[in-house]
Amino acid sequence: MPSFENTRIAFSDKTTSQLRKAYRLFLLVKSPNLVRIGSWFLDAAVKMNFPLRWALNKTVFAHFCGGETLEESVNTIESFGKYNIRSIMDYAAEGAQTEKEFDEARDRILATIELARENKNIGFAVFKFTGLGRFDLFEKASIQLYLKPTEQREFQRIINRAYAICQLAYDYNVPVMIDAEESWIQIAIDSIVEELMIKFNKVKPVVYHTLQLYRIDRLFYLKKLVTDAPQQNYSPGFKIVRGAYMEMERLRAIKKEYASPIYPDKESTDSAFNEAMRFCFENIDKLALCIGTHNEESCLEAIQLMKLNNLKNDHERIHFSQLMGMSDHISYNLAQEGYNVSKYVPYGPLRLVMPYLIRRAQENTSVAGQTGRELYLIKKELKRRKNSPSTITT
Ligand SMILES: Cc1cc2nc3c(=O)[nH]c(=O)nc-3n(C[C@H](O)[C@H](O)[C@H](O)COP(=O)(O)OP(=O)(O)OC[C@H]3O[C@@H](n4cnc5c(N)ncnc54)[C@H](O)[C@@H]3O)c2cc1C
């Protein structure tokens, strides 16, 4: 059983000065007021085209992102690779609105797959449907509103982009994850992902659907997909997460007067997450699983369940994943014990990944316990290095 307390392993690729920087960063994001003001400032700065590089490049951006381009991110990929951690290159530019920008996002993802074919330190490609098409269109398609002919053509172009990505992923044998988003656009996304899985997962899981276990309906959906898959002759792939849009989901449900699709409390989400893991491990011959979490207990539970089901640590269909800049103590210690671990490595032009960075800062503020944990572990490692000077780096 790995000890997530082993900070020597957790921070083995970090210099002492990088650790100090990370410590200051987590101290900053711990303060909700500072994050609120900082987010407002950054948002305004982006809108006003204010040069941000000087302020961010060495702080938030360097901590949470690989670089502005794929080429710039190669050092990060290699550095994770040294510790048997693979990278999931995530073109995290958000807010695209034009067809040109959506085509460009598709091309970036295709380039990631090309690179992954050569570079075995890249484990998966990933994309978000709202990076390939307009949010409003997904919303309209989700409530099955009649799409005008121009919208139908626009929607078809989104589907074509997704097919191009999955086709290349299939040809080059690079698995691709598709992120889950807000429930009111997810209906349209679900149906496209199901079609993609049926087409490209005939031989083995190439396309991975994401399930947010904070949603009341997702356990049932998971079980149904797995039960129906053999009739359609494919193996589904899943990334399971708890879900990132809880507050928005609840507010919308209140505003529009429908029952919230989210469990009423954290315990229910946790138990759905555990049940999803249990079900997936028991059916691992039929599917592939990536566990996307920063929760130590969930990872320990997964390890127990794997043992119970006689599944080896590096089972080819089981992966763990965390985001770059978060929970290195989980990633590095799991990788050390031989589990398959990948880090999401977001990259993209600084200005366009700003919404992603703001979300990370806000998430670290709202997950107060987690930031406290990061601070505690960094402090512990700094102390350990002080007491054993031979391991100090600068
Ligand atoms: C590799 C990776 C990929 C990800 N991809 C996606 C994605 O595609 N789509 C997406 O939406 N998110 C994604 N996430 C984010 C994820 O959904 C969580 O928001 C985040 O990981 C925090 O959950 P946790 O399991 O790490 O930790 P925890 O701290 O244990 O859980 C926090 C989560 O629990 C849930 N929760 C908290 N309080 C309550 C409550 N009162 N009632 C009900 N539920 C509650 C919420 O989902 C909250 O985010 C991803 C995360 C990772 C690590």
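Ligands are counted one by one from 1 in listed order, and the atoms in each one are counted from 1 as well.
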Do any N/O atoms on [X] end up under 3.5 angstrom from N/O atoms on ligand 1?
X      : value
Ile262 : no
Asp270 : no
Tyr344 : no
Glu181 : no
Gly292 : no
Val241 : no
Lys266 : yes

Hey, is Arg250 one of the residues with a heavy atom under 4.0 angstrom from ligand 1? yes
Quick check on Ser298 - does any of its heavy atoms sit under 4.0 Å from an atom of ligand 1? no
Aromatic ring centroids of His319 and Tyr208 under 6.0 Å? no
Just checking Phe26 against His63, ring centres under 6.0 Å apart?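 Aromatic pair counts; centres sit under 6.0 Å.
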So that I can tick it off, tell me whether [Y] and [X] are bridged by a salt bridge, with the cut-off set at under 4.0 angstrom between side-chain N and carboxylate O.
X      : Y      : value
Lys148 : Glu154 : no
Arg278 : Glu275 : yes
Arg106 : Asp103 : yes
Glu249 : Arg215 : no

Please report the C-alpha distance between Asp179 and Tyr344 in whole Å, then the side-chain angles of each, then the deciding distance to 0.1 Å, and finally whether the side chain to side chain donor-acceptor pair (under 3.5 Å) criterion is met. CA-CA 12 Å; Asp179 283 350; Tyr344 256 52; 2.7 Å; yes
Measure up the Tyr91 and Tyr347 rings against each other and bin them: parallel (under 30°), tilted (30 to 60°), perpendicular (over 60°). tilted
Could you tell me, atom by atom, which parts of ligand 1 come under 4.0 Å of a heavy atom of [X]?
X      : answer
Thr269 : 43 (C), 44 (N), 45 (C)
Leu323 : 1 (C), 2 (C), 52 (C), 53 (C)
Ser321 : 1 (C), 53 (C)

Could you name the option among Asp179, Ile330, Asn295 that has the heavy atom nearest to atom 30 (O) of ligand 1?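 Minimum heavy-atom distance to atom 30 (O) of ligand 1 goes to Asn295.
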For atom 45 (C) of ligand 1, state which one of Gln212, Lys128, Met246, Lys239 supplies the nearest heavy atom.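 Looking at heavy atoms only, the winner is Met246.
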Region of Thr210 engaging ligand 1 - heavy atom pairs below 4.0 Å: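 For Thr210, the contact with ligand 1 is made by the side chain alone.
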One residue to check: Phe273. Relative to ligand 1, which of side chain, backbone, both or neither has a non-hydrogen atom less than 4.0 Å away?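 Contact part for Phe273 vs ligand 1: neither.
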Which one of Lys379, Arg384, Lys383 satisfies the side chain to side chain donor-acceptor pair (under 3.5 Å) criterion with Glu381? Arg384
Is the shortest side-chain heavy-atom distance between Phe80 and Val345 below 4.5 Å?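 In contact.
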